[in-house]
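Counting convention: from 1, in listed order, for ligands and their atoms alike.
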Amino acid sequence: MKYYLWTIGCQMNFADSRQVAEELDLLGFLQASRAEEADLILLNTCVVRQSAEDKVVGRLTSLQGLKRRRPGLRLALMGCFVGETEALRGRYPWVDAFIAPSDIDSVVAFALQAAAGESRTGGDELPGDGSSAAPAHSATPVAAGVPISYGCDHFCTYCIVRLRRGPEVSRPVAEIAAQVQDLAGRGVREVTLLGQNVDSYGHDLPPLAPGQDPPNLADLLEAVHPAVGLARIRFLTSHPADMTGRLIDTAARLPKVCEHIELPVQSGDDAVLRRMGRGYAVAQYRELVAQIRAAMPGAGLATDVIVGFPGETEAQFEATYRLLQDLRFDMVHVAAYSPRHGTPAEHLPDDVPADEKERRRRAVDDSQERIVGEINAGLLGTTVEVLVEDRHRGKWRGRTRTNKLVFFGLDGAGRQGELVQVRITHTGPWSLQAEPVQSLP
Ligand code: SAM
Ligand code: SF4
């Protein structure tokens, strides 16, 4: 039986899709590269903004005809599009199952039922109960995402993710450490520990020993660090209200933990942050960045920003713009505010006109392109370590510890997974060109 897996959204969705692909491949399912060739179609979805939701709806609509022509085709939808199942069933009757985000077991059960030729079923009847769309491939990757927690305990007023994914549930330390060792044993050299808010990891877990505090992300980093064969560890996404000095120190001290932090600020204005329900002030955020940079000089720092949040004045936007100019991030994911049904911010007047939101978004993007272009230019002639991930247009492609994309020529096949020292020969805002200095074991 052939399956087609389409994924959109955050790294968590891509990690989930990889796991689905791995489990289905083990069960003997074959991957199809086009929906038209498949007997089973799985859409792993995102609704964080209207634009993502529109892509999912477009995809669903285009599959309606296929399903009509081939009634035996089985179609399941997972990810954050899946809210109230009854309403979705009414709107998209050609979908056979709606499965909650990250509920891999139900996806596998659905696939097995489809393979067994079972009749139509809904997700809640199953056991257990950019566009960056791309099929997941289950061959062992060089770098893999490992979910460490699901859901989120924050209540950011604009965010639908926590409504769809529920409260935070952390996976036990031992389970994650075993998974990381297993991945490393199979050739994975880099893991990214994933969660909506990795900095609050573990607060819902029992202590590892009587009388201790519950484990936290620093403990988890210590636990996965010894994995034999593993070269690098990253973690994302961090939350400024939950990041601790101990985490920063641990990340800085452990050699495999990369100097790369994703710390969304969302706005550079305290009143907007309060309306967003973020739980920190700009001064605290600046202090955290200073602490990270002191502990990890040259760290690659990324942030997320929403422009045009309800009531955001020109002066408040400019405060965000200035903060980004001051802090000079390596990456800024900027989005225009998009009202999401069911969130508290839905009831605030969406009063920044669409073209003004777009102007603010572009202003941030343009300024960021300049800033990162300058940061990267400073790397010209330096030697950096790159983990080789794959080949792209005749060059090897990999990332620095600070998460910069590097292309370079290097003889020989099978270089994937090698750590290579390269000298940067050309820089641009989005990638670096380099020449190898030497290969490391
Ligand atoms: N948990 C992370 C955090 O604390 O920021 C990120 C989760 S969210 C899935 C990823 C990003 O999407 C957010 O950082 C935010 O910038 C953006 N986002 C979320 N809701 C949005 C909305 N309603 N409109 C525009 N952007 C949004
Ligand atoms: Fe959403 Fe806020 Fe949780 Fe991030 S921290 S997932 S933005 S509620």
Taking only heavy atoms of [X], which atoms of ligand 1 are found under 4.0 Å from at least one of them?
{"X": "R340", "value": "23 (N)"}
{"X": "D304", "value": "10 (C), 11 (C), 13 (C), 14 (O), 16 (O)"}
{"X": "P264", "value": "3 (C), 5 (O)"}
{"X": "V161", "value": "9 (C)"}
{"X": "R49", "value": "12 (O), 17 (C), 18 (N), 24 (N), 25 (C), 26 (N), 27 (C)"}
{"X": "A335", "value": "26 (N)"}
{"X": "V48", "value": "9 (C), 12 (O), 18 (N), 19 (C), 20 (N), 21 (C), 22 (C), 23 (N)"}

Does [X] reach the side chain of [Y], with side-chain heavy atoms less than 4.5 Å apart?
{"X": "R278", "Y": "F155", "result": "no"}
{"X": "L324", "Y": "V364", "result": "yes"}
{"X": "W430", "Y": "V372", "result": "yes"}
{"X": "M78", "Y": "P101", "result": "no"}

Under 4.0 Å from one or more heavy atoms of Q196, ligand 2 contributes atoms 6 (S)
The atoms of ligand 2 lying under 4.0 Å from a heavy atom of H239, numbered in the order shown, are 5 (S)
Note to self: Q196 versus ligand 1: do any nitrogen or oxygen atoms come within less than 3.5 Å of each other?
What the structure shows: yes
Ligand 1 and H239, any nitrogen or oxygen pair closer than 3.5 angstrom?
-> no
Under 4.0 Å between a side-chain nitrogen and a carboxylate oxygen: does that hold for D182 and R186? yes
Open item on the list: Less than 4.0 angstrom from a charged side-chain N to a carboxylate O is my criterion; do R360 and E356 meet it?
Closed with: yes
Closer than 2.8 Å to atom 3 (Fe) of ligand 2: does that hold for any N, O or S atom in C152? yes
Problem - W6 ring center near Y4 ring center (under 6.0 Å) - result: no
Would you please indicate yes or no on a ring centroid separation below 6.0 angstrom for H260 and F235?
no
Protein contact to [atom] [nearest heavy atom, distance to 0.1 Å]:
{"atom": "atom 20 (N) of ligand 1", "result": "Y158 CD1, 3.2 Å"}
{"atom": "atom 7 (S) of ligand 2", "result": "Y158 OH, 3.4 Å"}
{"atom": "atom 23 (N) of ligand 1", "result": "S338 O, 2.8 Å"}
{"atom": "atom 1 (Fe) of ligand 2", "result": "C159 SG, 2.3 Å"}

Review point. Would you say A336 contacts ligand 1, with heavy atoms under 4.0 Å as the rule?
Key: yes
*Please confirm whether R278 comes under 4.0 Å of ligand 1, counting heavy atoms of the residue only.*
yes
Cation-pi check, R89 onto F98 ring (under 6.0 Å, within 45° of axis) | no
From the list V406, T382, L380, side chain to side chain contact (heavy atoms under 4.5 Å, CB included) partner of T427 resolves to L380
Note: Q266, heavy atoms under 4.0 Å from ligand 1, region reported as side chain
N, O or S from C156 under 2.8 Å to atom 1 (Fe) of ligand 2
no
Rounded to the nearest 0.5 angstrom, the CZ-CG distance for R59 and L63 is 5.5 Å
Could you tell me whether ligand 2 has any atom less than 4.0 Å away from a heavy atom of R278? yes
For R165 and C80, the nearest pair of non-hydrogen atoms, with its separation, is NE-SG, 3.4 Å
Minimal heavy-atom distance between Q196 and C10, with the atoms involved, is NE2-SG, 4.4 Å
